[in-house]
Number of protein chains: 2
Amino acid sequence: MAEELEPEQLNTYFALMESVSLLHHAVEQQVRAAGELSYVQFQLLARLADSPDRQLTMTALADGVVYSRSGLTHQAGLLEKAGLVTRTPSPDDQRATLVTITQAGVDRVRAILPGHIALVRDLLFAPLAARDLRTLGDTMARIRDHMRAQPPRSVSTRQRRG
Amino acid sequence: MAEELEPEQLNTYFALMESVSLLHHAVEQQVRAAGELSYVQFQLLARLADSPDRQLTMTALADGVVYSRSGLTHQAGLLEKAGLVTRTPSPDDQRATLVTITQAGVDRVRAILPGHIALVRDLLFAPLAARDLRTLGDTMARIRDHMRAQPPRSVSTRQRRG
DNA sequence: TATTGTTATACTCTATAACTATA
DNA sequence: TATAGTTATAGAGTATAACAATA
């Protein structure tokens, strides 16, 4: 087992991190300009808009987007204050909070989406052939699933999700 | 002429963003645990350690890592206060500041690197075959170069064409 | 006891604008 | 005039720990 990454691995790692950093920076600006939301807030709303009944529990909503409970509480509070979501106790589990996107929230997502899609297409997919796209999608899905399955490493903080 | 992303594009976009988000979160923790640095600080030090004469101007150092001058000034100040870099006026251009990594800075990077490499290998490369790796590296390099070449969009103006 | 979520708090990061100085 | 960098400052994001309520 090599102690180092192969040069090819290192280059791949760097290219991946820089590309996504650039992409993230660009979409962050687009989302803020088109809808006055942070990217995290946009992701939360987009998720709710795509959910059955347009609602999710806090825990389900956090999954994959946010890494601390209090962070989500904070963001949900901001979205609620802006009238984009409502929070109600869950009838199924009295501990849980159901977050529901409002019509204003749906409208906000719709206002952001066309420019967002255009930007992602131009920045991320423009230089890819159809075959590259398929391969990239397969590879990233594999990596994502692998990472999701990793038990959080020994770090002091306890991770969400179980 | 599609107004939307193909489902395959959407899935690829999501898988890419979530994978890198998970990876970023993991390496951020590793870097902090092993060397008490943020990932940005680690990137800055690693870049300096790899540079000729172990030094770069502020502008060159910022490139690709940080998106505002003041942000870099702040980070460089923290690194300097920690004794990991020094800042001196450039002899070539009196306006420029040369940032030089100290031996303590090099040692810090070396303390972080083995665990960092192991983590990236386990999280990112473990599920990839040699062929996948090569393809991913090529694709991400192409995307990165494409994004680097994009003129920064004026976010206030609507994107034209596609 | 474990889980869901909130609160309070503190800290870091980032960005904008005004500024100095050099080219 | 344009560029390199700093300062001041303000706002947003995130995480920790303590907490209450429910399972």
dA15(C), dA23(D), dC13(C): which one has an atom nearest the side-chain heavy atoms of S68(B)?
-> dA15(C)
In whole Å, what is the span from the OH atom of Y67(B) to the C1' atom of dT16(C)?
-> 18 Å
Atom CG of L72(A) and atom P of dT14(D) are separated, to the nearest Å, by 11 Å
Would you indicate which nucleotide in dT14(D), dT6(D), dG5(C) comes nearest to any side-chain atom of T97(B)?
-> dT6(D)
Is S70(A) side chain donor-acceptor paired with the dA15(D) base, going by distance under 3.5 Å alone?
-> yes
Between dC13(C) (P) and H24(B) (NE2): distance, integer Å = 11 Å
Euclidean distance, atom CG of residue L61(B) to atom C1' of dT6(D) [Å, nearest integer] | 15 Å
Let me know the distance between CG of D93(B) and P of dT22(C), rounded to the nearest Å.
-> 11 Å
Any R95(A) side-chain N or O less than 4.0 Å from OP1/OP2 of dA20(D) = no
Establish whether the base of dT12(C) is bridged to the side chain of S38(B) by a donor-acceptor pair shorter than 3.5 Å.
-> no
Kindly indicate, with the supporting measurements, whether the criterion salt bridge (charged side-chain N to carboxylate O under 4.0 Å, His left out) is fulfilled by R32(B) and E28(B).
-> CA-CA 6 Å; R32(B) 196 168 298 280; E28(B) 183 89 46; 3.5 Å; yes
What's the shortest heavy-atom distance between Y67(A) and L22(B), and which atoms?
-> OH-N, 3.4 Å
Rounded to the Å, how far apart are L37(B) CG and dT12(C) C1'?
-> 14 Å
Tell me: CD of E36(B) to C1' of dT12(C), nearest whole Å?
-> 15 Å
Parallel, tilted or perpendicular: rings of Y39(A) and H116(A) (30°, 60°) | parallel
Any R69(A) side-chain nitrogen or oxygen under 4.0 Å from OP1 or OP2 of dA15(D) | no
So, is H74(B) close to the dC11(C) phosphate, meaning a side-chain N or O under 4.0 Å from OP1 or OP2?
-> no
Could you please name the option among dG5(C), dT6(D), dG13(D) that lies closest to any side-chain atom of T57(A)?
-> dG5(C)
For a side chain to side chain contact (heavy atoms under 4.5 Å, CB included) with V99(B), tell me which candidate from T86(B), T88(B), L61(B) qualifies.
-> L61(B)
Nearest of dA15(C), dT14(D), dC13(C) to any side-chain atom of H25(A)?
-> dA15(C)
Looking at T12(A) and E8(A), what are the two nearest heavy atoms and their distance?
-> OG1-O, 2.7 Å
Looking across every strand, which nucleic acid part, if any, lies under 4.0 Å from T73(B) by heavy atom: base, sugar-phosphate, or nothing?
-> base
Between CG of L78(A) and P of dT14(D) the distance, given in whole Å, is 11 Å
Of all the nucleotides listed (dT22(D), dT6(C), dT14(C)), which has the minimum atom distance to the side chain of Q75(B)?
-> dT14(C)
Side-chain contact check for Q94(A): nearest option of dT4(C), dT22(C), dT22(D) is dT22(D)
